[in-house]
Amino acid sequence: MQDYRNIQPEELAVDHSFRLWKLSNDADAGNFWTNWLSENPDKQDVIDKASHLLDTVFQAFDDVSDDEVRDEIDRLSISLDQKTETSSAKRLIFRPEWYRAAASILVILGLGWWLTNKYSPAKQSNPLYNQIISQIKEPLLKAVNDTEQPKLVSLQDGSTVLLQPKSSISYPKSFTGEKREVFLSGEAFFEVAKNPEQPFYVYANNLVTKVLGTSFIISAFEGNKDVKVAVKTGKVSVFALTDENLETQQADNKLGGMILTPNQQIVFSPKDLRLTRSLIADPALLDLPIQKQSFNFKGTPIKDVFAALENSYGVKILFDAEIMKNCYLTASLSDEPLFEKVDLICRTINAQYEQLDASIIIYSKGCSYQNE
Amino acid sequence: MFLDKKQRILLENEILLDLWQQSKAGDSVAFCHLADKLYRTLFNYATSFTSDREYIKDAIQELLIHIWEKRQTINIQFVTIYFLKSLRNQLLQEFRRNKRPFLGIDEIEEITDNQTIETEIEESEAYSESQRRVKNAINELPKRQKEAIFLKFYEGLENEQIADLMQVNRQSVANLLFKAISTLKSQIPFISHWILILYTLIY
């Protein structure tokens, strides 16, 4: 053990255990120095000077805010993601203009069980649910997926929900109010049509996720008491369902509460309404088939493009393969809603589409040139 | 009794190395974790070289992505030092290539001028007058002295590690630190009584 009796402030400022105490709040080091001070009360002055020197140096050099650091790490994580994606397919052409407009969000919520009481969301313990539900004038529809395959549910506003097995969702027939509100149990992939005027809310187990547009995934299964929200790209805000929060959150169209940005996740404990934010430790959480599906096309025959969409969304796309045999697509699609994707594709190859139940019908006169 | 200094440093390095090993195996989340832990140090270190904050951010992004891409071929022993050293090399290379000058006195004036009224108010409230004087004094040090002060007092590195990073010998590090402290001493009265002892510490 070093003898600190004769130490000078500037030596102390570079002493490792002293720094642990001052800079890292290390408990062991803290005990040691508290003891040492009580044995050497005359050295208070040295300690103060050394602390002062450290404070000063840190202030002199610390030139970056927490927000800036977070933004930069987000930026890094997006770059790394793109690096991984683009290693197989090149990102191309008409991306810039609309990609930004459709810039979107992928969120997974591993939710508790509040709606698992399948047929009556009203039985919830939190009285706020009843209040929210009672304010929705339109009757709530309910979609249940008892199959082994994902099931596509389209909402009136153009948003789509890819409902995973053993999941259900309640939603109004049309969104007439100032908000779009849905209630989920289980897991679903959301692609929310962008509409900043009418924010989109997902309620589950005392946790509210608010989005102004775009896409995310939620899962809420029985037995999972803790709620997890993970963001892949874009931004959402998450807050506990309390009176106070609801009022402030619904007062404006900004994203308040705890903001989640890419590769951050939140763990929500409904019991004590506590939110903990961290980086995603388990990337598998974001590992849904739809995300693995690459929507980068380069001179891809249109039948392959449609096959990719059919696979990812579980929809049937009807088209005349013979007429469209000369149609090729070069595009990089992302997380915009399915119908936006279809619309973009149709515009690119000069076709029209129509939605009929769970099928999409493509009308095309064929392509006379190879669309590059 | 707690671990001695060497053990502690090794332990901290161990944690970072762990993240690095995961990164190396292709875990980009672990790499972001690691970057998150190192970011502040890297950014603040870079301010010894330039006052252009956006330039620093881009340089660090570039560095991190480069390290990520080359991760298979990189072997790291001391994580923080490796990253600091890489950042230093990259900055110096770019300066050389672009003939971009190091931070000059004029640029320093500029930073001070550009501070918003808000930060100034915050600062005047949060920091004592003497702390602000030290801050200014440190910012006005020649860049290599500022760098040495950063590595010694902010990072808590040994002179030997500083020498390795700055690619000079230990004597030069001692000289740099001595000059820096002398300058600070002449401008800041409360440091002055340390100086004699510091002399012995540095050598």
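The sequence lines fix the lettering, A, B, ..., with proteins before strands; numbering per chain opens at 1. Note that the structure is predicted; figures quoted are calculated from it, not measured.
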Turns out that what part of A:L54 lies under 4.5 Å from chain B's heavy atoms comes down to side chain
Turns out that what part of A:R75 lies under 4.5 Å from chain B's heavy atoms comes down to both
- prompt: Are the aromatic ring centres of A:F18 and A:W36 under 6.0 angstrom apart?
  reply: no
Bottom line for B:Y154: the part with an atom under 4.5 Å from chain A's heavy atoms is both
* Side chain of B:N13, backbone of B:V79: donor and acceptor closer than 3.5 Å? -> yes
B:D18 meets the side chain to side chain donor-acceptor pair (under 3.5 Å) criterion, sequence neighbours left out, with none
If one checks every heavy atom of A:N31 against chain B at 4.5 Å, the contacting part turns out to be neither
Honestly, the part of B:E155 sitting under 4.5 Å from a heavy atom of chain A is backbone
* So does B:E160 have more than 12 non-hydrogen atoms from other groups sitting under 6.0 Å from CD? -> no
For a side chain to side chain donor-acceptor pair (under 3.5 Å) check, start with the C-alpha distance between A:N40 and A:Y4, then their side-chain angles and the critical distance, and finish with the verdict. CA-CA 10 Å; A:N40 305 275; A:Y4 286 111; over 6 Å; no
Whatever's closer than 4.5 Å to a heavy atom in chain A on B:F150 counts as both
